[in-house]
Amino acid sequence: MLKGAEVILAPNACPMEINRLSALRTRAYENMLAVATCNYPKGQPDCNGHSTVFDGVAWLRDEPGSRDMCVLESPEEEGIYLAEIDMGLLREYRENEIMGDKYRHPDKYEILLED
């Protein structure tokens, strides 16, 4: 996101459960970008489908409350599932909202790089 990414494509091969789905939703939320995950269907070792797309737009100015960023969650079965991401809406959202990099302080991260 800091270098301009608008969509993260994440191939996956594990059971998609509440914690993994929540982490993907959170990355879309905090970075104001779309996250699309493609997972193997149920029947493959340790996989269960549930490919997802989160569009990264948590709320709209003209609508009360937050909105569900999940624009697709596929079933467990193998198939081709399509989702549409409104990139114009995402770009407008990124220009006007306060998440993303507005409050990041990479100059303070040096402690993470020290031995």
Side-chain angles (χ1 to χ4, degrees):
M1 182 271 200
L2 294 175
K3 292 187 177 188
E6 296 177 313
V7 179
I8 294 174
L9 304 175
N12 193 58
C14 66
M16 295 302 286
E17 42 78 31
I18 189 72
N19 296 306
R20 287 189 173 105
L21 292 171
S22 296
L24 293 165
R25 182 186 302 270
T26 299
R27 298 300 84 80
Y29 170 77
E30 66 194 5
N31 289 291
M32 296 189 311
L33 51 72
V35 176
T37 304
C38 182
N39 194 32
Y40 286 101
K42 183 177 181 180
Q44 297 297 317
D46 206 27
C47 294
N48 68 342
H50 296 280
S51 298
T52 56
V53 177
F54 299 97
D55 70 4
V57 180
W59 46 78
L60 300 172
R61 288 180 180 252
D62 298 335
E63 294 181 16
S66 62
R67 63 183 283 277
D68 188 355
M69 295 183 301
C70 185
V71 296
L72 171 78
E73 182 175 347
S74 73
E76 295 178 335
E77 293 79 31
E78 180 177 350
I80 296 173
Y81 303 97
L82 302 176
E84 189 170 317
I85 300 168
D86 185 337
M87 296 305 293
L89 178 65
L90 178 62
R91 290 173 184 142
E92 180 183 337
Y93 179 75
R94 288 173 73 149
E95 286 179 19
N96 295 304
E97 290 303 326
I98 61 169
M99 297 296 292
D101 65 346
K102 288 184 174 47
Y103 293 104
R104 292 185 182 179
H105 301 281
D107 54 311
K108 297 179 181 177
Y109 300 163
E110 288 182 22
I111 192 169
L112 298 174
L113 303 174
E114 293 176 2
D115 287 335

Inset, instruction - Give a yes or no on whether Leu82 and Val71 share a hydrophobic cluster (residues Ile, Leu, Val, Met, Phe, Trp, Tyr; joining criterion: side-chain heavy atoms under 4.5 Å apart). - result: no
Legend entry - CD1-CZ distance between Ile8 and Phe54, expressed to the nearest 0.5 angstrom: 12.5 Å
Inset, instruction - Inspect the surroundings of CD in Glu76 and state if more than 12 heavy atoms from other residues, nucleotides or ligands are less than 6.0 Å away. - result: yes
Legend entry - Pair Glu30 + Arg27, salt bridge at N-O below 4.0 Å: yes
Inset, instruction - Determine whether more than 12 heavy atoms belonging to other residues, nucleotides or ligands lie under 6.0 Å from atom CD of Glu84. - result: no
Inset, instruction - Please name the residue in the list Ile18, Asn19, Leu24 that meets the side-chain contact (heavy atoms from CB on, under 4.5 Å) test with Ser22. - result: Ile18
Inset, instruction - Measure across Ser66 and Trp59 and return the closest heavy-atom pair with its distance rounded to 0.1 Å. - result: CA-CB, 4.2 Å
Legend entry - Close side-chain approach of His50 to Arg20, heavy-atom, < 4.5 Å: no
Legend entry - Greater than 12 external heavy atoms within 6.0 Å of Tyr40's OH: no
Inset, instruction - Would you name the heavy atoms of Cys47 and Cys14 that are closest together and state the gap between them? - result: SG-N, 3.6 Å
Legend entry - Nearest-0.5 Å distance, CG of residue Asn96 to CZ of residue Arg61: 4.5 Å
Legend entry - Test item: Asp86 and Asp55 side chains (from C-beta on) under 4.5 Å apart, heavy atoms: no
Inset, instruction - Grab the two heavy atoms, one from Met69 and one from Tyr29, that are nearest each other, plus how far apart they are. - result: CE-CB, 3.6 Å
Legend entry - Euclidean distance, Met16 CE relative to Asn48 CG, rounded to 0.5 Å: 7.5 Å
Legend entry - Check: Ser51 main-chain N/O paired with Asn39 side-chain donor or acceptor under 3.5 Å: no
Inset, instruction - Rounded to the nearest 0.5 Å, what's the gap from CE on Met32 to CD on Glu6? Could you check? - result: 11.0 Å
Inset, instruction - Kindly write out the residues that satisfy side-chain hydrogen bond (donor to acceptor under 3.5 Å, both in side chains) with Gln44, not counting sequence neighbours, or none if the list is empty. - result: none
Legend entry - Close side-chain approach of Glu97 and Val57, heavy atoms under 4.5 Å: no
Inset, instruction - Starting at CG of Leu90, measure out to CD of Glu95 and round the result to the nearest 0.5 Å. - result: 10.0 Å
Inset, instruction - To the nearest 0.5 angstrom, please state how far the CG atom of Leu33 sits from the CZ atom of Arg91. - result: 12.5 Å
Inset, instruction - Give the C-alpha distance, both sets of side-chain angles, the deciding distance and a yes or no for side chain to side chain contact (heavy atoms under 4.5 Å, CB included) between Asp68 and Arg25. - result: CA-CA 10 Å; Asp68 188 355; Arg25 182 186 302 270; 2.8 Å; yes
Inset, instruction - Report yes if the side chains of Glu73 and Leu21 come closer than 4.5 Å at any heavy-atom pair, otherwise no. - result: yes
